[in-house]
Amino acid sequence: MSGPEVAIPAEALLGEGPTWDPDAQRLVWVDILSARVHTYDPATGATSALETGQHVGAAKPRAGGRGLVVNLRDGIGLYDSAAAFRWLHHEPVAGRRGNDAAVAPDGALWAGTVRYDETPGGGTLTRFAADGSSATVLADVTVSNGTGWSPDGRAMYYVDTPTRRIDVFDVAADLSVSGRRPLAVVEKGAGFPDGLCVDADGCVWIALWSGGAVRRYTPDGRLDRTVALPVSHPTACAFAGPALSDLYVTTARVDQEQPPAEAGSVFVVPDAGAGLAQPAFAG
């Protein structure tokens, strides 16, 4: 594993949510506050940007290469392969927007929200099925962030950033979750846990907002690797590329008086490990 390098030079205000799209062989990521979904082809270096018209917390591939599902300010939307848009679940809440999201093993979208003023308990974590039906899983969240599942699907990891915890849930046969408990706690001064991904070994990689690093925790909660970055505000991470061996890390420029020139870019750590293929949204 070599050190991090800039893969996509950018000035994202709040880059987030890197996700590998295996059908298109491209990385998908968002700049939340610029209301854009970005793509990047690591084979050619080609990039694209899609204007969403409102803040976008996450974008994930839809099954069969049918476009993207997006977690927007006012609900969950769908783009088809020609970028035509429709709402899957439209539920505007004043002062609230969508944040990070992840697709579960059954193809459902687990989407988080956050109040713009980050009012404690003002956010949610909600499961959206392919038909748009929904069920609120957590109703007392402050900043809903990283979500991911273990390789065997029996554990779900979750971050509500101000708690400083990476929590783990037990997953039942019907994919409901219970038994929430801390997997690891990020100590004061090391930053705040933000977006995460799970690798093929079942280890959890977590970006540390204001901590300038990505950490890897084993399934028993032991810290076993730290990747330092040249910027202070990494936001999320994902394994990408044809072999799922390169770790991509999004970063932000907000919440800094004088961000370095590379802040807001997407970094890559080549040959960081073995990634875990992610399901596409079934809707």
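Numbering starts at 1 and runs along the sequence shown.
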Is there a donor-acceptor contact under 3.5 Å from the side chain of Asp41 to the main chain of Gly45?
no

Quick one: does any side-chain atom of Thr44 pair with a main-chain N or O of Ala46 as donor and acceptor, under 3.5 Å?
yes

Would you kindly confirm whether Leu223 and Val227 end up in one hydrophobic cluster when ILVMFWY residues are joined by side chain heavy atoms under 4.5 Å apart?
no

To the nearest 0.5 Å, what is the distance between OG1 on Thr47 and CD1 on Ile8?
8.0 Å

Donor-acceptor check, side chain of Asp80 to backbone of Ala82, threshold 3.5 angstrom: yes or no?
yes

Among Asp100, Thr161, Thr163, Asp194, the one residue meeting side chain to side chain contact (heavy atoms under 4.5 Å, CB included) with Val143
Thr161

If you group Ile, Leu, Val, Met, Phe, Trp and Tyr by side-chain heavy-atom gaps below 4.5 Å, do Leu72 and Leu33 land in one group?
yes

For residues 259-277, which residue pairs pass the side chain to side chain donor-acceptor pair (under 3.5 Å) check, not counting sequence neighbours?
none

Scan side-chain atoms only and decide if Asn145 and Asn99 contain a donor-acceptor pair under the 3.5 Å cut-off.
yes

All heavy atoms of Tyr248 vs all of Ala240, minimum pair found to be CD1-CB, 3.5 Å

Value rounded to 0.5 Å, distance of CZ in Phe128 from OG in Ser134
5.0 Å

How would you list all residue pairs meeting side chain to side chain donor-acceptor pair (under 3.5 Å) that involve residues 233-246, not counting sequence neighbours?
Thr235-Thr250

Could you tell me which non-hydrogen atom of Ala274 sits nearest to which non-hydrogen atom of Phe239, and how far apart they are?
N-CE2, 4.3 Å

Using the test salt bridge (charged side-chain N to carboxylate O under 4.0 Å, His left out), find all partners of Asp106 that sit at least two apart in sequence or belong to another chain.
Arg127

Are Val249 and Val231 linked, directly or through intermediate hydrophobic residues, by side-chain heavy-atom contacts shorter than 4.5 Å (ILVMFWY only)?
yes

Show me, pair by pair, the donor-acceptor contacts under 3.5 angstrom made by side chains of residues 184-193, not counting sequence neighbours?
unit_1	atom_1	unit_2	atom_2	d
Glu187	OE1	Arg215	NH1	3.1
Glu187	OE2	Arg215	NH2	2.7

Inter-residue atom distance Leu247.CG - Cys197.SG, 0.5 Å rounding
5.5 Å

Can you check side chain to side chain contact (heavy atoms under 4.5 Å, CB included) on Leu183 and Val204, steps first, answer last?
CA-CA 10 Å; Leu183 173 78; Val204 180; 4.1 Å; yes

Specify the closest pair of heavy atoms between Asp199 and Pro151, including all atoms of both residues, with the distance to one decimal.
O-CG, 3.7 Å

Working to the nearest 0.5 angstrom, can you tell me the gap between Leu78 CG and Leu68 CG?
9.5 Å

Audit row: Ser48, Thr39, side chain to side chain donor-acceptor pair (under 3.5 Å) steps and yes/no
CA-CA 5 Å; Ser48 71; Thr39 69; 2.4 Å; yes

Heavy-atom closest pair, residues Ala12 and Trp29
CB-CZ3, 3.9 Å

Matching residue for Thr126 among Thr136, Thr113, Ile76 - test: side chain to side chain contact (heavy atoms under 4.5 Å, CB included):
Thr136

Residue pairs, two or more places apart or on separate chains, that pass salt bridge (Lys or Arg N to Asp or Glu O under 4.0 Å) and touch residues 218-232
Arg216-Asp224

Kindly indicate whether the side chain of Thr52, heavy atoms from C-beta on, has any atom under 4.5 Å from the side chain of Arg36.
no

Answer yes or no: is there a side-chain heavy-atom contact under 4.5 Å between Pro219 and Ser150?
no

So how far is it from Leu13 CG to Ile32 CD1, rounded to the nearest 0.5 Å?
10.5 Å

Please list all pairs passing the side chain to side chain donor-acceptor pair (under 3.5 Å) test where one or both residues lie in residues 67-79, with sequence neighbours left out.
Gln54-Asp74

Could you give the distance from CZ (Arg96) to CZ (Arg115), rounded to the nearest 0.5 Å?
8.0 Å

To check you understand the geometry: which heavy-atom pair defines the closest contact between Pro260 and Arg253, and what is its length?
O-NH1, 3.2 Å

What residues, two or more places apart in sequence or in another chain, satisfy salt bridge (charged side-chain N to carboxylate O under 4.0 Å, His left out) together with Asp170?
Arg181

Check step by step if side chain to side chain contact (heavy atoms under 4.5 Å, CB included) holds for Val214 and Thr226.
CA-CA 6 Å; Val214 174; Thr226 299; over 6 Å; no

Take Val30 and His38, measure what side chain to side chain contact (heavy atoms under 4.5 Å, CB included) needs, and give me the verdict at the end.
CA-CA 6 Å; Val30 303; His38 294 271; over 6 Å; no

Using atom types as modelled, flag every donor-acceptor pair under 3.5 Å from a side chain in residues 85-95 to any protein atom, sequence neighbours excluded.
unit_1	atom_1	unit_2	atom_2	d
His89	NE2	Glu91	OE1	2.8

Heavy atoms of other groups near Arg180 CZ, more than 12 under 6.0 Å:
yes

Considering all heavy atoms of both residues, which atom of Ala155 and which atom of Val168 are nearest to each other, and what is their separation?
CB-CG2, 4.0 Å

Is there a path from Val56 to Val254 through hydrophobic residues (I, L, V, M, F, W, Y) whose side chains come within less than 4.5 Å of each other?
yes

List the residues meeting salt bridge (charged side-chain N to carboxylate O under 4.0 Å, His left out) with Arg165, not counting sequence neighbours, and say none if there are none.
Asp167

With ILVMFWY side chains joined below 4.5 Å, transitively, what does Tyr116's cluster contain besides itself?
none

Can you list the steps and then say if Tyr40 with Val266 is a side chain to side chain contact (heavy atoms under 4.5 Å, CB included)?
CA-CA 10 Å; Tyr40 167 70; Val266 179; over 6 Å; no

Would you call Ser232 and Ser210 a side-chain contact if the rule is heavy atoms closer than 4.5 Å?
no

Who else is in the cluster with Leu175 when I, L, V, M, F, W and Y are joined by side-chain contacts under 4.5 Å?
Trp110, Leu125, Val137, Leu138, Val141, Trp149, Met156, Tyr158, Phe169, Val171, Val177

Under the side chain to side chain donor-acceptor pair (under 3.5 Å) definition, can you give me all pairs with a residue in residues 3-28, not counting sequence neighbours?
Thr19-Lys60

State yes or no: do Leu229 and Val268 share one hydrophobic cluster built from I, L, V, M, F, W and Y residues joined by side-chain heavy-atom distances below 4.5 Å, directly or via other members?
no

